[in-house]
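Everything on this sheet refers to the single structure shown next.
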Amino acid sequence: GNSVTQMEGPVTLSEEAFLTINCTYTATGYPSLFWYVQYPGEGLQLLLKATKADDKGSNKGFEATYRKETTSFHLEKGSVQVSDSAVYFCALVQGAQKLVFGQGTRLTINP
Amino acid sequence: EPEVTQTPSHQVTQMGQEVILRCVPISNHLYFYWYRQILGQKVEFLVSFYNNEISEKSEIFDDQFSVERPDGSNFTLKIRSTKLEDSAMYFCASSELSGTYNEQFFGPGTRLTVL
C-alpha cells in the first residue's frame, strides 16, 4: 500500500540556518504530495503541495519539489526563524480521500 | 477565517467506558474525516463521511467506532468501549470537495487518555 517515510526528529537548528527535512514515499501511480505543519496547540495546516512530477510547492519561504525518479518530496528553507518551530508532516493522497502521513518531524529553532 | 473546532481538548476516561469526541467542521464543507495519532506514531486515517454515510474506513475503524452527524453542524466520533490502546490524539478534518487535490482542514485535536 501507499506509505510515507520522513526523517526522524527532533531537529534543532539555530536561527537563519538552512533546513532540510527528508521525505520519501511509496505509491503506485502518481499521488499528490503535501507538507502539513502543526504549531503548538493548533491543528494541522497545509503548508504546501505538489500534484505532479517536477512541480515545486512553495509557501512562507519553504519549498519542496516532487521528484518522481527518487520518490521524494524533501522540505527546504534557506533561513529558518524561531517562529518556524513546529511539527512538520509529509503526506500523500491518491484517488481516495484519505491522507497518508509520515511520522512527523519536530523542529525547534533557537534564537 | 473559518476553522474546524474540536471539543474537548483533553478527555480522560476509564477503560470500557464510552466516549464521544465532537467536531464542528467548516460550514460549507461536505466531506468529513477522523484521523488519530498514537503518541510517537504516524497520523492514521480512520474514516471519511459524506452525505450522511461512511464513504471509506480503515481497518482500525472496527465495530467499536461509529460516526454521526447529528445536526447540521456537529460531526462526532463515538468509541463504544474504550481500550488502553485507544489513547491517542484524534483529529477531525473537513473538505469542501473530495478528490486528489482538495485541501483537508484540520481541527486542533482531542487528546484521549484511557486509564
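Since we're looking at a predicted model, the values are computed, not measured. Side-chain atoms are counted along with the backbone in the values below, which use heavy atoms only and exclude waters and symmetry mates. The sequence lines fix the lettering, A, B, ..., with proteins before strands; numbering per chain opens at 1.
- Side-chain atoms of K42(B) do not come within 3.5 Å of backbone N or O of T5(A) as any donor-acceptor pair.
- Under a hydrophobic-cluster definition in which Ile, Leu, Val, Met, Phe, Trp and Tyr are linked whenever side-chain heavy atoms come within less than 4.5 Å, directly or via other members, V24(B) and Y31(B) are assigned to different clusters.
- For Q37(B), the part lying under 4.5 angstrom from a heavy atom of chain A is the side chain only.
- With a 6.0 Å radius and a threshold of 12 heavy atoms from other residues, nucleotides or ligands, K83(B) has its NZ atom above the threshold.
- Few gaps surround CG on L115(B); more than 12 heavy atoms of other groups in view lie less than 6.0 Å from it.
- At most 12 non-hydrogen atoms from other residues, nucleotides or ligands lie less than 6.0 angstrom from CZ of R106(A).
- Aromatic rings of F45(B) and F101(A) (six-membered ring for Trp) have centroids beyond the 6.0 Å cut-off, not under it.
- Residue contact with chain A, scored on non-hydrogen atoms closer than 4.5 Å, involves the side chain of Y35(B) exclusively.
- At most 12 heavy atoms of other shown residues, nucleotides or ligands fall within 6.0 angstrom of atom CD in E16(A).
- In E53(B), the CD atom is not crowded: 12 or fewer heavy atoms of neighbouring residues, nucleotides or ligands sit closer than 6.0 Å.
- Looking at Y39(A), neither its backbone nor its side chain comes within 4.5 Å of chain B, counting heavy atoms on both sides.
- Looking at V100(A), there are no atoms closer than 4.5 Å to chain B (heavy atoms on both sides), in backbone or side chain.
- Of the two parts of Q104(B), the backbone and the side chain both hold a non-hydrogen atom closer than 4.5 Å to a non-hydrogen atom of chain A.
- Around the CG atom of N28(B), the shell of radius 6.0 Å holds more than 12 heavy atoms that belong to other residues, nucleotides or ligands.
- Residues L44(A) and F106(B) come closest through the heavy atom pair O-CB, 3.3 Å.
- For Q38(A), the part sitting under 4.5 Å from any heavy atom of chain B is the side chain, from C-beta outward, and nothing else.
- Residues K98(A) and E56(B) are in side-chain contact: their nearest non-hydrogen atoms beyond the backbone lie under 4.5 Å apart.
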